There are 2 protein chains.
Amino acid sequence: MNRIDAILQQKSVRITPMRQLVLKHFLQEDAVLGLNELEETFQKSDRITIYRTLKTFEEKGIIHSIQNGVSEVKYALCKEHCEEQHHIDRHPHFHCLVCGSIECLESVLLPPTILPQGYSASEIKMNIKGRCKKCQG
Amino acid sequence: MNRIDAILQQKSVRITPMRQLVLKHFLQEDAVLGLNELEETFQKSDRITIYRTLKTFEEKGIIHSIQNGVSEVKYALCKEHCEEQHHIDRHPHFHCLVCGSIECLESVLLPPTILPQGYSASEIKMNIKGRCKKCQG
DNA sequence: CAATTCATGCAATGGTATTGCATTGTTAGC
DNA sequence: GCTAACAATGCAATACCATTGCATGAATTG
């Protein structure tokens, strides 16, 4: 069995052509992608089906969502131990204000945050805006 | 001059009835508010005008925006030294998954984050989801 | 093989965010 | 004070993204 199918199976997602296609694309590109980009890439595919594929992937812990607050919701592969309904995004997301790119800063670990007495966290997300490596100077 | 007008003037925002009204409400409530709630509160006022008031306030550093990724954008007063185009939200935002409330955790300072070589940040936002104080147990 | 469950494709809708434009109100220079 | 310039407001309209309903087709299970 190939890598794509293995991942789908391991995450309890039924294997279909659409899902193979989308997952393959994420693995190949290793990029942050939104619905519009994917629709552009797979012009023959139905937008709604791609939408639901993303939703399914997110729910099953294959990809995680990134909200930059500007355009649409973006998605990137989970490289950590995400499972159904339980995402651990231990890295911040960087949004470059110059080139507009969005990336996962995998190398940066979210520092442990001490919550006030009585609060408990199930998800922590950090979004950073600024200039990326390519856009300095 | 009263407190409301003083703030508006200090932030270079022209004083108008609408702006006095909205700012007064934020100061009184000391809460996180969205456009819909404000529209509800000021039924006689035009939705778009409130919208633009919020945009102006955000731009001028009077309030800052909070995206919970679920509903509309929310806003809260800047209690730190925010200026035009330069927001420093040094606190995380907490979104309770039980009661739905959103609040600024003013008492929690964002830990210093070390970015990879070549990156520079102008804005850092941290959003936490979980159970708030009132919804434990 | 039949029944059920799930995925897909198309259409339609809901909601939030945003812009255009005409009008009114405010400021500033003369 | 008066007029020109500018900013704020109110109404209408739109753009875009997210989401759901439903009928059809495919896959799985007993």
Side-chain angles (χ1 to χ4, degrees), chain A residues 1 4-5 7-25 32-60 62-75 84 95 100 102 127, chain B residues 1 4-5 7-25 32-60 62-75 84 95 100 102 127:
Chain A
M1 183 181 287
I4 315 267
D5 291 0
I7 294 173
L8 290 174
Q9 198 173 64
Q10 194 251 316
K11 300 284 186 177
S12 310
V13 175
R14 190 179 285 182
I15 296 165
T16 70
M18 177 86 265
R19 291 170 177 178
Q20 290 172 320
L21 204 62
V22 172
L23 180 51
K24 187 181 171 195
H25 192 64
V32 174
L33 301 166
L35 181 54
N36 286 332
E37 289 151 279
L38 289 168
E39 195 191 3
E40 190 79 13
T41 306
F42 308 121
Q43 300 211 350
K44 282 177 293 184
S45 307
D46 180 58
R47 177 185 178 82
I48 309 301
T49 306
I50 302 174
Y51 170 78
R52 281 195 263 234
T53 300
L54 291 172
K55 281 293 191 187
T56 303
F57 280 9
E58 186 189 13
E59 194 183 314
K60 298 291 186 177
I62 297 175
I63 59 178
H64 61 273
S65 66
I66 305 164
Q67 312 238 356
N68 63 25
V70 177
S71 59
E72 53 174 6
V73 175
K74 308 280 183 180
Y75 296 89
E84 189 163 353
H95 179 198
I102 296 172
N127 287 292
Chain B
M1 184 181 283
I4 316 269
D5 290 359
I7 293 172
L8 291 173
Q9 197 173 65
Q10 194 251 316
K11 300 285 187 179
S12 310
V13 175
R14 190 179 284 183
I15 297 165
T16 71
M18 177 86 264
R19 291 169 178 176
Q20 290 172 317
L21 206 60
V22 172
L23 179 52
K24 187 181 171 193
H25 192 63
V32 174
L33 302 166
L35 182 54
N36 286 331
E37 289 152 279
L38 289 168
E39 196 191 2
E40 190 79 13
T41 307
F42 307 120
Q43 301 211 350
K44 282 176 295 182
S45 307
D46 181 58
R47 178 184 178 81
I48 309 301
T49 306
I50 302 174
Y51 170 77
R52 283 196 262 235
T53 300
L54 291 172
K55 282 292 192 187
T56 304
F57 280 10
E58 186 189 14
E59 193 184 313
K60 298 292 186 175
I62 297 175
I63 59 178
H64 62 274
S65 67
I66 305 163
Q67 312 238 355
N68 63 24
V70 178
S71 60
E72 54 173 6
V73 176
K74 307 280 184 181
Y75 296 90
E84 190 164 353
H95 179 196
I102 295 171
N127 287 292

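Remember, predicted model here, so these are calculated numbers, not experimental data. Lettering follows sequence order; numbering is per chain, from 1.
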Query raised in the report: What do the steps show when you test B/Leu35 against B/Val73 for side chain to side chain contact (heavy atoms under 4.5 Å, CB included), and what is the final call?
Result: CA-CA 8 Å; B/Leu35 182 54; B/Val73 176; over 6 Å; no
Requested in this report: Just compare C/dT8, C/dT16, D/dC17 and give me whichever is closest to any side-chain atom of B/Glu72.
Outcome: C/dT16
Query raised in the report: Rounded to the Å, how far apart are A/Leu21 CG and C/dT8 P?
Result: 11 Å
**Report entry** Whole-Å distance separating the CG atom of B/Leu54 from the C1' atom of C/dT16
**Finding:** 13 Å
Report summary line: By nearest-heavy-atom nucleotide on DNA chain C, the more 5' of B/Ser71 and A/Met18 is A/Met18
Query raised in the report: What pairs with A/Gln10 under side-chain hydrogen bond (donor to acceptor under 3.5 Å, both in side chains), at least two apart in sequence or on another chain?
Result: none
Short N/O separations, protein against nucleotides 3-5 of chain D, under 3.5 angstrom:
none

Query raised in the report: Separation of A/Arg19 atom CZ from D/dA26 atom C1', in whole Å?
Result: 12 Å
Listed pairs, N/O of protein and of nucleotides 20-22 of chain C, under 3.5 Å:
residue: C/dG20; atom: O6; partner: B/Arg52; partner atom: NH2; Å: 3.0

Query - Min side-chain heavy-atom separation A/Val70-A/His95 under 4.5 Å - result: yes
Query raised in the report: Tell me: NZ of A/Lys74 to C1' of D/dA18, nearest whole Å?
Result: 15 Å
Query raised in the report: Under 4.0 angstrom, heavy atoms only, what part of the nucleic acid is B/Thr49 near: base, sugar-phosphate, or nothing?
Result: base
Query raised in the report: Do you know which two heavy atoms are closest between A/Glu58 and A/Ser65, and how far apart they sit?
Result: OE2-OG, 3.0 Å
Query raised in the report: Counting only side-chain N and O atoms of A/Tyr51, is one of them less than 4.0 Å from OP1 or OP2 of D/dA18?
Result: no
Query raised in the report: Within this structure, what is the CD-to-C1' distance between B/Glu58 and C/dT18, rounded to whole angstrom?
Result: 14 Å
Query raised in the report: Just how far is it from atom CD1 of B/Ile50 to atom NE2 of B/His25, taken to the nearest 0.5 Å?
Result: 9.5 Å
Query raised in the report: Separation of B/Gln67 atom CD from C/dG15 atom P, in whole Å?
Result: 19 Å
Query raised in the report: Which heavy atom of B/Arg19 sits nearest a heavy atom of B/Phe57, and at what distance?
Result: O-CZ, 3.5 Å
Query raised in the report: How bent is the helix from C/dC1-D/dG30 to C/dC30-D/dG1, comparing axes over its five end pairs at each side, to the nearest 10°?
Result: 30°
Query - Sequence neighbours excluded, every pair satisfying side-chain hydrogen bond (donor to acceptor under 3.5 Å, both in side chains) that has a member inside residues 32-44 of chain A - result: A/Asn36-A/Arg47, A/Asn36-A/Glu72, A/Glu37-A/Lys74, A/Glu39-A/Arg47
Query raised in the report: Do B/Ile63 and B/Leu54 touch side chain to side chain, with heavy atoms closer than 4.5 Å?
Result: yes
**Report entry** Between C1' of C/dA7 and NZ of A/Lys60, the distance in whole Å
**Finding:** 13 Å
Query raised in the report: With a 4.5 Å heavy-atom cut-off, do A/Leu38 and A/Thr53 have their side chains touching?
Result: no
**Report entry** Trace of the side chain to side chain contact (heavy atoms under 4.5 Å, CB included) decision for B/His64 with B/Tyr75
**Finding:** CA-CA 6 Å; B/His64 62 274; B/Tyr75 296 90; over 6 Å; no
Query raised in the report: Does one side chain, of B/Asp5 or B/Gln20, offer a donor that lies under 3.5 Å from an acceptor on the other?
Result: yes
Query raised in the report: Can you check whether A/Thr53 has a side-chain N or O nearer than 4.0 Å to OP1 or OP2 of C/dA7?
Result: no
Query - 5' priority, DNA chain D, between B/Val70 and B/Thr16 [closest heavy atom] - result: B/Thr16
Query raised in the report: Under the side chain to side chain contact (heavy atoms under 4.5 Å, CB included) criterion, do B/Leu23 and B/Ile62 qualify, and how do the steps go?
Result: CA-CA 9 Å; B/Leu23 179 52; B/Ile62 297 175; 3.9 Å; yes
Query raised in the report: Does anything in residues 32-47 of chain B reach DNA chain C, meaning a heavy atom under 4.0 Å, and if so which residues?
Result: B/Asn36
Query - Sequence-distant partners of A/Tyr51, ring pair (Phe, Tyr, Trp, His ring centres under 6.0 Å), two or more places apart - result: none
Requested in this report: List for me each residue that meets side-chain hydrogen bond (donor to acceptor under 3.5 Å, both in side chains) alongside B/Ser45, sequence neighbours excluded, and say none if there are none.
Outcome: none
Report task. Tell me which of B/Lys55 and B/Arg14 sits closer to the 5' end of DNA chain C, going by the nucleotide each one is nearest to. Result -> B/Lys55
